[in-house]
K.L.:
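I'd like to ask some things about the structure below.
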Amino acid sequence: MKLGKVKYINTETHNGLLKRSQVSEGDLLVKITGVGRMAVAQNNLPKCLLNQRIAKVYVNDENNNIYIQSVLNSPIGVKQFSKIGTGGIQINIGISDIENLKIPLPPKEKQDEIANHITAIRKQAQALKDKTKALIIK
């Protein structure tokens, strides 16, 4: 891949004009255009910015962003997005729609327990995927 004509955002612009669009570790990102996997609470992010199709949702300290991400990506969460979305071919939702989503919020300790369990399952799945890839290469 040739990257000779790629234009980069300089550090001054990234940290100044685009400060509000920066994504930080642990941010809950919600897709506001289209339906499918709706939310990502990402760790180990590279330096990146939001675009107009992604909303950053601030999760307070009383809740676990991985838990909320999992609820939003569950069949019930995706169904809520489908119901509130507007538009034809590509469904869109607004920030006020996100604010009105129904998310069951057990105590923080239970959210942490569920999030840790989900994270462990994801790690197992990734390990199996990596092992399978290595076997295929071998």
K.L.:
Nearest 0.5 Å, what's the CG-OG1 distance between N92 and T33?
P.N.:
4.5 Å
K.L.:
Minimum heavy-atom separation for H14 to Q22, with atom names?
P.N.:
O-NE2, 2.6 Å
K.L.:
Looking at I54 and L29, what are the two nearest heavy atoms and their distance?
P.N.:
CG2-CB, 3.9 Å
K.L.:
Return the CD to CD1 distance between E113 and I118, rounded to the nearest 0.5 Å.
P.N.:
11.0 Å
K.L.:
Would you find more than 12 non-hydrogen atoms of other residues, nucleotides or ligands less than 6.0 Å from I76 atom CD1?
P.N.:
no
K.L.:
Out of curiosity, S70 OG to H117 NE2, how far, rounded to the nearest 0.5 Å?
P.N.:
10.5 Å
K.L.:
Quick check: closest heavy atoms across L49 and V23, and the distance to 0.1 Å?
P.N.:
C-CG2, 4.2 Å
K.L.:
Considering all heavy atoms of both residues, which atom of I98 and which atom of V57 are nearest to each other, and what is their separation?
P.N.:
CG2-CG2, 4.0 Å
K.L.:
With no hydrogens and no angle check, just 3.5 Å: does a side-chain donor-acceptor pair link D97 and Q80?
P.N.:
no
K.L.:
Is Q111 reaching over with its side chain to a backbone N or O of N64, donor-acceptor style, under 3.5 angstrom?
P.N.:
yes
K.L.:
Roughly how far, to the nearest 0.5 Å, is CG of N65 from CG of N60?
P.N.:
11.0 Å
K.L.:
Check this for me: K110, atom NZ, are more than 12 non-hydrogen atoms of other residues, nucleotides or ligands nearer than 6.0 Å?
P.N.:
no
K.L.:
Of the non-hydrogen atoms in K108 and D61, which two are nearest, and what is the gap between them?
P.N.:
CE-O, 3.3 Å
K.L.:
So which heavy atom on Y67 is nearest to which on P104, and how close?
P.N.:
OH-O, 2.5 Å
K.L.:
Taking the side chain as every heavy atom from C-beta outward, state whether I84 and N100 have any pair of such atoms under 4.5 Å apart.
P.N.:
no
K.L.:
Could you state the interatomic distance from CG (D112) to CD1 (I66), rounded to the nearest 0.5 Å?
P.N.:
10.5 Å
K.L.:
Out of curiosity, does I9 fall in the hydrophobic cluster containing L50 (side-chain heavy atoms, cut-off under 4.5 Å, transitive links)?
P.N.:
no
K.L.:
Report the distance from atom OH of Y58 to atom CG of D27, rounding to the nearest 0.5 Å.
P.N.:
6.5 Å
K.L.:
Is a side-chain donor-acceptor pair under 3.5 Å present for Q126 with D130?
P.N.:
yes
